[in-house]
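Here's the structure we're looking at; comments come further down.
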Amino acid sequence: MTINEIQDEIIEEFGFFEDWMEKYGYIIDLGKNLPLIDAQYKDEEHQIKGCQSQVWLQADMEEDRVRFTADSDAVITKGIIALLIRVFDNQKAADIAHADLYFIDKIGLKEHLSPTRSNGLLSMVKQMKYYGLALSAR
Amino acid sequence: MNGKPMAFLDSAASSQKPEQVLEALDHYYRTQNANVHRGVYALSQIATDAFESSRRTVQQFINAGSEREVIFVRGTTEGINLVASSFGRTFFKAGSEILITGMEHHSNIVPWQLIAEQTGAVLKVVPVTDSGEIELDVYASMLSEKTALVAAVHVSNALGTVNPVEAMIRLAHEQDIPVLLDGAQAVPHMKVDVQALDADFYVFSAHKMLGPTGFGILYGKEKWLDKMPPYHGGGEMIKEVTFEKTTFNELPFKFEAGTPDISGAVAMEAAIRYLEAIGMDQVMRREQELLEYGTEKLLAIDGIRMYGTAPHKAGVMSFLLEGVHPFDLGTLLDKMGIAVRTGHHCTQPLMARFGIPGTVRASLGIYNNEADLDQLTEGVIRAATMLR
Ligand SMILES: Cc1ncc(COP(=O)(O)O)c(C=O)c1O
């Protein structure tokens, strides 16, 4: 699936939720089930510092695709990370670099990507795109 | 908020404002607006009178010895920076010690680090116990002839601890060491008498005590302020300027360069009048009642841990739920219309001391009630079932 097809799929899924409780319940479940980042990558180098919660992100090339793993110490942050990984993982580097990330806004999680939220997610998206850019230039 | 009735439990960050304060601001800009200490015209005199009336009200509110000892600043942070820079430049030398506590707000750490770097002074830190207190004998043992100043928080914003400041000041004064108190979380919640305390400097912010943002007070004993050079240069703070030499205005104007926050002063006076009408003793009694009520309810929740369990506390409840990140808890509480602060509360060294990333902090104001605390505890329980 393309990046936009996955985004549309997520938007459709979230359309079924009646209220914020269900929505956050789902995000929390995603967070709890996110495959963990390999322990060796949970270091300074892979850390994205936020004031409120920390994020770790690691990227690799597999043929012409970028593979991401990530983690956070906060489970809601981790759930949103799981969504971001679902969108960007296993995509072509150039597609990641040029992607328009609209699903976050559409499913009502925009506040989590606000620069004042300081949970590391905004920096994480930037970092994912940066990996996309760097890896597509290789 | 978020479609729910809101429980505002973040007054320690900034309080809500009563009608009277808003009216004072409105009234000032509509009918009194002019620059102060300048014009001969009547309106400027009216503005000056309102401005100086506020200074008198503040002086009486904290029982300062004279109006010359009440300096208008932008807030606690600026007040501390003023003392660090001006007092520090005059009295610190290489090897001088500045004694702070382990529960200081960054505002009472960083200014001292900056001046320490310039003067060769060093920062010493009184350790915090598991209950979030400092021990007087440990504190006393850290005072010495090298100590140039004690700078301590009166009431901790992160833990609620009310420090034994009378004893701390007495012990410091026995060795002729001056003491600055960060009163940002004290003045809004209890009667503070700077002369009874015998504090050398006392600093607080208007916006935490029902007043406007960007306004605050530095109280300083005249004997120190007289010996301190100006902090900022400009208009208002001068007596005479030539290109060769400038002589400075007298206190308090020496430290108030430029056009001051006139509307802020006027609104601050309204906030003080409002608090005085209730009575600070009554404010404290009511907030203590709510503190006890909320603490008991929170402690009944499975897996909760309070940070700051001193017997003498102000209206701050800082806590964590076992196995739950404070950011997650705060996010869900926000969805339920409960405004609490999560994170390190600008006290990173204190959080490091407890080995935690931060806490969830509910803090009280005079307008809170039991229903707010019921909403909080129900919210925490609901969030806990979602997160665990
Ligand atoms: C104990 C304490 N000191 C200092 C400050 C800083 O106050 P302001 O931001 O008003 O300068 C605060 C407020 O967050 C505080 O709680």
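Throughout, a chain's letter reflects where its sequence line sits, starting with A, and its residues are numbered from 1. Reckoned from all heavy atoms, side chains included, excluding hydrogens, waters and symmetry mates.
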ask   = When only heavy atoms count and the cut-off is under 4.5 Å, which of residues 86-95 of chain A reach chain B?
value = none
message = Tell me whether B:Arg353 is salt-bridged to B:Asp130, with the criterion being a basic N under 4.0 Å from an acidic carboxylate O.
response = yes
query = For B:Leu329, is it the side chain, the backbone, both or neither that has a heavy atom under 4.5 Å from a heavy atom of chain A?
reply = neither
message = With no hydrogens and no angle check, just 3.5 Å: does a side-chain donor-acceptor pair link A:Gln58 and A:His46?
response = no
query = Do the charged groups of A:Asp71 and A:Lys78 touch, with an N to O distance under 4.0 Å?
reply = yes
remark   = Residues of residues 296-308 of chain B with a heavy atom under 4.5 Å from any heavy atom of chain A, in residue-number order, are none
request  = May I ask you to decide if the ring planes of B:Phe8 and B:Tyr367 are parallel, tilted or perpendicular, using 30° and 60° as cut-offs?
outcome  = tilted
inquiry  = Using the rule given for side chain to side chain donor-acceptor pair (under 3.5 Å), can you reason through B:Thr309 versus B:Ser131, listing the C-alpha separation, both sets of side-chain angles and the distance that settles it, and then say yes or no?
reply    = CA-CA 5 Å; B:Thr309 50; B:Ser131 61; 4.8 Å; no
request  = Would you please say whether a donor-acceptor pair under 3.5 Å links the side chains of B:Asp374 and B:Tyr293?
outcome  = yes
ask   = Can you find a pair of side-chain heavy atoms, one from B:His106 and one from B:Pro349, that are under 4.5 Å apart?
value = yes
Side-chain donor-acceptor pair present, B:His105, B:Asn108, cut-off under 3.5 Å = no
query = Can you find a side-chain donor-acceptor pair between A:Ser53 and B:His325 that sits under 3.5 Å?
reply = no
query = Between A:Ile6, A:Ile107, A:Ile104, which is the residue that forms a side chain to side chain contact (heavy atoms under 4.5 Å, CB included) with A:Leu83?
reply = A:Ile107
